[in-house]
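Chain identifiers are assigned alphabetically (A, B, ...) following the order of the sequence lines, protein sequences preceding nucleic acid strands; residue numbering begins at 1 within each chain. Since the structure is predicted, the reported quantities are computational estimates derived from the model, not experimental observations.
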Number of protein chains: 2
Amino acid sequence: MIAPPAEQLRQLTLAFERFTRRFKVAEATAAIANSLNALDVQALLFIDDNPDCKLGDVARHLQVALTTMSSSIDRLVRRGMIERHRPETNRRSVALNLTQGGKDTVAGYMEGYQDACNAMLEPLDPAERADFVRLTLKIAQHET
Amino acid sequence: MIAPPAEQLRQLTLAFERFTRRFKVAEATAAIANSLNALDVQALLFIDDNPDCKLGDVARHLQVALTTMSSSIDRLVRRGMIERHRPETNRRSVALNLTQGGKDTVAGYMEGYQDACNAMLEPLDPAERADFVRLTLKIAQHET
DNA sequence: CTAGGATAGTACGATATTCGTATTATTCAA
DNA sequence: TTGAATAATACGAATATCGTACTATCCTAG
């Protein structure tokens with residue numbers, strides 16, 4: 001791969017730093033509304049993306065101690081947002097899935113994200129929007 | 001403004017949800033390396049972006065209680081990353097600025113962001129990269 | 001086929017963080 | 001010039017995070 005020009009990269013970095021900061025604030029607001037903390041929300045979104053994942057997977061992905069994740073999952077179970085169950089294939093682990101309530105909550109977050117994305121598209125004309133979405137998808141689908 | 005097609009918006013939302021999750025994880029990793037917590041890092045980035053801002057500005061932007069921000073700023077001052085000073089124009093408030101150490105820390109984060117951005121550009125060819133950066137800047141510069 | 005080690009998660013207590021209330025200092029305005 | 005409004009801090013209660021110790025399950029070498 002040919003490295004992109006340094007200036008291009010610098011500008012992109014600044015822009016994305018702002019984007020993520022905005023998304024994060026939007027997320028924090030929504031978290032407060034649902035009286036969930038930031039970690040719990042991230043866990044919820046990861047489980048939505050990875051059904052039947054194990055507790056350790058979430059902990060590793062979110063870079064927190066296993067015990068911290070265990071507490072987080074406790075809270076989410078207590079709030080009726082996710083379900084634990086022991087898979088027969090490996091009864092040491094717990095598989096995690098969203099309940100309907102959890103799905104509804106995720107949908108609420110996604111709506112917030114959607115509003116933010118909509119605002120992003122605003123300054124672009126229709127052709128530019130199509131381009132931007134196409135390139136974004138190309139990046140997103142290129143799994144790391 | 002004409003609303004973008006629903007499907008376009010949905011796809012963009014999913015892609016950006018993943019982006020921000022990745023950035024957040026990268027940030028958490030860097031935060032742990034500097035033994036700072038998530039809030040402190042966000043505060044640092046905001047102050048970098050808004051020199052001489054007031055403590056209340058940061059609290060409002062990051063949607064946390066004023067006392068929480070006060071604690072966060074305490075920690076950052078103790079770690080020698082920012083400086084408080086009372087502006088003569090309004091001696092109730094405190095103006096916040098990064099020290100050299102704080103600037104270095106921010107630069108470290110930006111480097112992490114830059115790596116993540118670089119990885120994003122990887123699946124695109126040079127023409128697409130130029131397009132993507134151009135459109136991203138157009139969005140970022142359209143201040144909300 | 002079973003004993004020892006490895007893996008997956010939980011219980012519990014220590015430390016740190018967040019937040020609400022009360023307080024101090026400063027500014028504004030009637 | 002006094003009272004209300006603004007800006008931040010002090011302090012204590014509630015909560016979150018994390019490390020250590022523990023339980024349960026799985027794997028594998030003898």
**Study point:** Any residue meeting side-chain hydrogen bond (donor to acceptor under 3.5 Å, both in side chains) with B:D115, in chain and number order, not counting sequence neighbours
**Key:** none

Practice item. Can you sort out the partners of B:N37 under side-chain hydrogen bond (donor to acceptor under 3.5 Å, both in side chains), two or more places apart, ordered by chain and number? Key: none

Check your understanding: First and last nucleotide of DNA chain D in contact with chain A, 5' to 3', at under 4.0 Å to a heavy atom: what are they?
Key -> D:dA16 to D:dC26

Review point. Can you list, by residue number, the residues of residues 42-50 of chain A that have a non-hydrogen atom closer than 4.0 angstrom to DNA chain C?
Key: none

Check your understanding: With the threshold set at 4.0 Å, does a side-chain nitrogen-carboxylate oxygen contact exist between A:R84 and A:D74?
Key -> yes

Distance-only donor-acceptor pairs under 3.5 Å for side chains of residues 131-138 of chain A, two or more places apart:
{"unit_1": "A:R134", "atom_1": "NH1", "unit_2": "B:E128", "atom_2": "OE2", "d": "3.3"}
{"unit_1": "A:T136", "atom_1": "OG1", "unit_2": "A:F132", "atom_2": "O", "d": "2.7"}
{"unit_1": "A:K138", "atom_1": "NZ", "unit_2": "B:E128", "atom_2": "OE1", "d": "3.0"}
{"unit_1": "A:K138", "atom_1": "NZ", "unit_2": "B:E128", "atom_2": "OE2", "d": "3.2"}

Exercise for review: Can you tell me which residue pairs pass the salt bridge (charged side-chain N to carboxylate O under 4.0 Å, His left out) test with a partner in residues 62-73 of chain B, sequence neighbours excluded?
Suggested key: none

Which residues satisfy the side-chain contact (heavy atoms from CB on, under 4.5 Å) test with [X], sequence neighbours excluded?
X: B:R92; value: B:N90
X: A:A38; value: none
X: B:Q100; value: B:K103, B:D104
X: A:R18; value: B:D49, B:E143

Check your understanding: What string of B, S and - do you get for nucleotides 7-20 of chain C, 5' to 3', if B is base contact, S is sugar-phosphate-only contact and - is no contact with any protein heavy atom under 4.0 Å?
Key -> BSBBB-----SBBB

Study note, to complete from the structure: Residue set satisfying ring-ring contact (aromatic ring centres under 6.0 Å, His included) with A:Y109, at least two apart, ordered chain then number -> none

